[in-house]
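Presented below is the structure to which this report refers.
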Amino acid sequence: MYIENFNDSFYMERAIELAKKGIGHTKTNPLVGCVIVKDEEIIGEGAHLKFGENHAEVNAIEDAKSRGEDLNGATLYVNLEPCSHFGKTPPCANRIVEEGIKRVVIGTSDPFPKVSGGGIKILEDAGISITEGVCQEECLNLNESFFTYVKNNRPFVVLKAGMSLDGKIATESGESKWITSEFSRAYSHELRGRLDAIMVGIGTVLADNPTLNVRHGKYRVNPIRIVTDSRLRIPLDAKLLSEDLESLAIIATTKNCDRKKLENLKEMKNVEVLICHEKNNKVDLLDLMEKLKDYNISSILLEGGRTLNAEMLKNNLVDKFYVFMAPILLGSKGIPAIGNLEIDALKDAIKIKDMKCEKLFDDILVTGRCD
Ligand code: AOF
Ligand code: ZN
């Protein structure tokens, strides 16, 4: 068993910090940072900054070399097992061996089938000493979307809702601006910037005409916008179809959609229409998740409304939630965050794990995971 060593955790924390430089840019690839240490000094640092580009270890090695450092006998810290496959770049594990590094400290193993222990084996076979599991929980949290994406073979889905204390996202007439505080809204924009895509149902588009871009926060990459719209009721002048937004808008529909609208949408810049299977007169969400694989989407922020939120939950497609609760009550005429889950017995309730709660000025942020 690994007993936490202060120096190892210190350098791994730095690797995690470096990995965060890739937030918003690595798509289906993980966030990875790497630190190379010799004689208790950092001689090289690197991160995987963009999908398709160099991996973190190679950037750290190049960084050390550009300073004229000799890597022989050094220790390399990386939050994810070095890769062993020829993908868009050659295997990092081989490069580490070639450079004469003598010890590798790893945060978590890589579940990607083409790696999955293969990187560690290459290093061990070359006589490199391995320490695994340093800052493991942090490393797992850092790449929770990547791990879910690889394990479940679909995007990691985060349900986000801003609601009253009694779970309502709007009044009966649809008034929803604003239930939560400015601070909570800025926080959710940061979430938008961290995830690859944002998804809403057509009801939300018709009621709110949202832009679904990132207007606040540290990460200003506009996510891909996804709308489920089985009949193509989306107005052609909907804000999210605006050409100025640059990121792609994906409209998921079915073969029973408005054909004229389909033709119009197909002509629009940055708009893609996916014809999905139909289930109960709606877009089959499992089929949509399958089709999204062509777009390198490893994470989705689900911003409802109630019908889509309920359908995603019923299909077991929600992994985590962020609920911002405002100190107001709207009562039973208000619109709920989650529609009909067809749950009649308590034993069938959807169970939430790892529930945490944080005060955000006047609001409360509750996070948790679904099994
Ligand atoms: C590493 N270091 O910095 C990253 C790794 O398509 P490729 O070639 O870029 O490979 C992507 C896979 O490589 C990805 O699914 C994951 O298993 C691993 N990512 N590995 O050694 C890195 N980003
Ligand atoms: Zn690699």
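As the structure lists them, so they are numbered: ligands from 1, and atoms in each ligand from 1.
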Once rounded to 10°, what is the value of the angle centred on the Zn ion (ligand 2) between Cys83 SG and Cys92 SG?
120°
Nearest heavy-atom neighbours spanning Arg231 and Asn281
NH2-O, 3.6 Å
Measure the spacing between NZ of Lys320 and CD1 of Ile352 and express it to the nearest 0.5 Å.
12.5 Å
Quick one: pull up OG in Ser184 and CG in Asp363 and give me the separation to the nearest 0.5 Å.
3.5 Å
Check for me whether the distance between the ring centres of Tyr149 and Phe156 falls short of 6.0 Å.
no
Using a strict 4.0 Å cut-off to heavy atoms of [X], name the atoms of ligand 1 that fall inside it.
{"X": "Phe146", "answer": "15 (O), 16 (C), 17 (O)"}
{"X": "Thr89", "answer": "8 (O)"}
{"X": "Ala56", "answer": "3 (O), 22 (C)"}
{"X": "Pro82", "answer": "21 (O)"}
{"X": "Cys92", "answer": "21 (O)"}
{"X": "Cys83", "answer": "1 (C), 20 (N), 21 (O)"}

To the nearest 0.1 Å, how far is [atom] from its closest protein heavy atom, and which atom is that?
{"atom": "atom 6 (O) of ligand 1", "value": "Lys88 NZ, 2.5 Å"}
{"atom": "atom 20 (N) of ligand 1", "value": "His55 ND1, 3.4 Å"}
{"atom": "atom 19 (N) of ligand 1", "value": "Pro30 CG, 3.5 Å"}
{"atom": "atom 10 (O) of ligand 1", "value": "His85 NE2, 3.2 Å"}

Report yes or no: does Lys114 have a heavy atom closer than 4.0 Å to ligand 1?
no
What do you reckon, does Phe51 put a non-hydrogen atom under 4.0 Å from ligand 1?
no
Any N or O on Thr28 sitting closer than 3.5 Å to an N or O of ligand 1?
no
Is Asp110 in polar range of ligand 1, meaning some N or O pair under 3.5 Å apart?
yes
Please name the residue in the list Val37, Leu71, Asp63 that meets the side-chain contact (heavy atoms from CB on, under 4.5 Å) test with Ile43.
Leu71
Leu302: which of Leu313, Leu195, Leu308, Asp319 passes side-chain contact (heavy atoms from CB on, under 4.5 Å)
Leu308
Take the angle between the ring planes of Tyr187 and Tyr322 and call it parallel below 30°, perpendicular above 60°, tilted in between.
tilted
Between Arg192 and Asn213 (side chain of the first, backbone of the second, donor and acceptor by atom type, cut-off under 3.5 Å), is there such a pair?
yes
From the list Arg194, Lys151, Arg369, salt bridge (charged side-chain N to carboxylate O under 4.0 Å, His left out) with Glu144 holds only for Arg369
Among Asn59, Thr26, Val32, Asn29, the residue with a heavy atom nearest to atom 4 (C) of ligand 1 is Val32
Shortest reach to atom 23 (N) of ligand 1 by a heavy atom, considering only Glu57, Arg95, His48:
His48
Answer yes when Lys291 and Asp284 have at least one side-chain N-carboxylate O distance shorter than 4.0 Å, and no when they do not.
no
Check whether any N, O or S atom of His55, backbone or side chain, sits closer than 2.8 Å to the Zn ion (ligand 2).
yes
Under a plain distance cut-off of 3.5 Å, with no hydrogens placed, do Asp166 and Ser164 share a side-chain donor-acceptor pair?
yes
